[in-house]
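Below: one structure, written as structure tokens.
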Amino acid sequence: MPVDDAPIDDGESAPRSSYNFAPGYHGIVYRANQSEGTSNSYTGVRYNNNDDELQKNNEDDSGEITSISTKSVKYKLQSMKWGLVPSWTKRNPDYGSILRTINCRSDSLSTPGGMWASMKARKRCVVIAQGFYEWLKVGPKDKVPHFTKREDGRLMCFAGLWDCVQYEGSNENLYTYTIITTDSNQQLKFLHDRMPVILEPGSAELTTWLDPSRKEWSHELQSILKPFRGRLVVYPVLKDVGKVGNNSPSFIIPLDSKENKSSIKNMFANAASSGTTSPSTKASRRE
């Protein structure tokens, strides 16, 4: 996965580094650097590219189709806002509308037409993340957040779609994206019935997904959108992650781990070592 261009680290459209990433934030997207009819606008990650021998097609500036090798295709990291806004949108949508396009169901891409038609044919991307949160229902009114990441510690590559829009009266291009979801694998079925499509870095599937010569949706592209077959790590985390605006490294630490100073076990241990009564004990005595 070579990188030929990357966004700057500051400014209004710079990618946002957060342990509580929310819709509307700017995230990192990896895509082929192709012509899209408008102007173009986690660092330190190393990838291997072993697909130089594959032959690709791409469009030159005049729109002609030319055959080129994979190493001639330019790939870029780009800052885009989470929550896809289609190119035909005339005015800035409200937050509720953005929430409806943060994800795209894989089965919605299997039939012709629909709002994703142009994006799935020409604007496919990969969204880079450390992991993702999902909430487990444990009662009628209670949910416990869980964090999921790769067992091998590598960054996750979510299959996504992107688009670029210019609102009426504006001269600026806004790039946005959505994350494609599929059925949960066996490991995550207890948590939720859906999960992001996770692609392996450097894999043939990821190369096919980003291939700029594939300008029509196909069964091969659809078949890529399946549950992850690798091993994941999933565990409960602090409920503080449920409030947008909160941000802390503790959000991705297991709730019962030694590193999590907020865990009940550690609160009792600290209280015992200092000879004081724990906050939990005090609370129970007032009940």
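We use all heavy atoms of the structure for the numbers below, so side chains are in, but hydrogens, waters and symmetry mates are not.
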Who passes salt bridge (Lys or Arg N to Asp or Glu O under 4.0 Å) against Glu220, sequence neighbours left out? Arg214
Please check if the side chain of Thr208 supplies one atom and the backbone of Ala204 the other of a donor-acceptor pair under 3.5 Å. yes
Does Lys143 have more than 12 heavy atoms from other residues, nucleotides or ligands lying within 6.0 Å of its NZ? no
Would you please classify the geometry between the Tyr177 ring and the Trp82 ring as parallel, tilted or perpendicular, with 30° and 60° separating the classes? parallel
Check the angle between the aromatic planes of Trp162 and Tyr175 and answer parallel, tilted or perpendicular using the 30° and 60° thresholds. tilted
Tell me whether Ser257 contacts the main-chain N or O of Pro254 through its side chain, where contact means a donor paired with an acceptor under 3.5 Å. yes
What's the separation between atom CG in Leu174 and atom CE in Met80, rounded to the nearest 0.5 Å? 10.0 Å
Taking every heavy atom of Trp88 against every heavy atom of Ser118, the minimum-distance pair comes out as CZ3-OG, 4.4 Å
Lys137 bridged to Asp142 by N-O distance under 4.0 Å: no
With Ser97 via side-chain contact (heavy atoms from CB on, under 4.5 Å) - residues at least two apart: Pro93, Asp94, Arg100
Check Asn185 against Phe228 and note the closest heavy-atom contact, atom names and distance. ND2-O, 3.0 Å
What are the two closest heavy atoms between Asp183 and Met195, and how far apart are they? O-CG, 3.6 Å
Between CD on residue Gln222 and CG on residue Asp107, distance to nearest 0.5 Å: 8.0 Å
Could you point out which residue of Tyr19, Phe147, Trp135 forms a side chain to side chain contact (heavy atoms under 4.5 Å, CB included) with Val241? Trp135
